[in-house]
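Okay, structure first, notes after.
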Amino acid sequence: MKKFLKEFKAFALKGNVMDMAVGVLIGGAFSGIVTSLTENFINPIIGCIGGAEVQGKIHLLGDNYINYGAFITAVINFVIMAFVIFLLMKGINALMAIGKKKEEPAPAKTKKCPYCKSEIDIEATRCPHCTSVLEES
């Protein structure tokens, strides 16, 4: 049992697990902000512009209904969250690329024979395939 608890402690306190936990908490808080933005700003604007009732319901038998307005709100929330996450990741990737040097391509080790077009060593003076004498380039 001690070994199990020790392994669990090592797993739970790893940096990437703690980072993920913080990310989930911040994401939950940010989700509330996006939901508020959608319900209090975007839905009324959509309702005014298109005349569509975003908070609409389709009544069924009795007290049952389909709340399509809530579904539309959830889709708008998802699109906003996806867009914000896309922008954050794009910014993070740009920041990560600032310090990195671009890798230069490795120098060529082969060249093509001008006569038979086969690949030969860059330092060859005679083609091993067609035995043509190559000029220095």
Point-to-point distance, once rounded to the nearest 0.5 Å, from [atom1] of [X] to [atom2] of [Y]:
X: Leu87; Y: Ile92; atom1: CG; atom2: CD1; value: 11.0 Å
X: Leu88; Y: Asn93; atom1: CG; atom2: CG; value: 11.0 Å
X: His129; Y: Lys117; atom1: NE2; atom2: NZ; value: 13.5 Å
X: Met89; Y: Met96; atom1: CE; atom2: CE; value: 9.5 Å
X: Ile33; Y: Ile80; atom1: CD1; atom2: CD1; value: 12.0 Å

- Message: Set out, in order, the CA-CA distance, both residues' side-chain angles and the distance that settles side-chain contact (heavy atoms from CB on, under 4.5 Å) for Cys130 and Ser118, then state yes or no.
- Response: CA-CA 9 Å; Cys130 67; Ser118 59; over 6 Å; no

- Query: Just by modelled atom types, is the Gly32 backbone N or O under 3.5 Å from a matching donor or acceptor in the Ser36 side chain?
  - Reply: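 It does not hold such a pair.
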
- So, does Arg126 use its side chain to make a donor-acceptor pair with the main chain of Ser132 at under 3.5 Å?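 Here the side-chain-to-backbone pair does not exist.
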
Linked, directly or transitively: [X] and [Y] (ILVMFWY side chains, under 4.5 Å):
X: Ile76; Y: Phe41; value: yes
X: Met81; Y: Val84; value: yes
X: Leu37; Y: Phe30; value: yes

- Minimal non-hydrogen separation, Cys127 against Ile120, with atom names: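 Here Cys127 and Ile120 meet closest at SG-CG2, 4.0 Å.
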
- Query: Where is the tightest heavy-atom contact between Pro114 and Leu134, given as atom of each residue plus distance?
  - Reply: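 Taking every non-hydrogen atom into account, CD-CD2, 3.7 Å.
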
- Item | Criterion side chain to side chain contact (heavy atoms under 4.5 Å, CB included) against Glu119, the qualifying member of Lys112, Lys109, Lys111 |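 The passing option is Lys112.
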
- Show your working on side-chain contact (heavy atoms from CB on, under 4.5 Å) between Leu60 and Ile66 and close with a plain yes or no. CA-CA 7 Å; Leu60 302 173; Ile66 297 174; 3.9 Å; yes

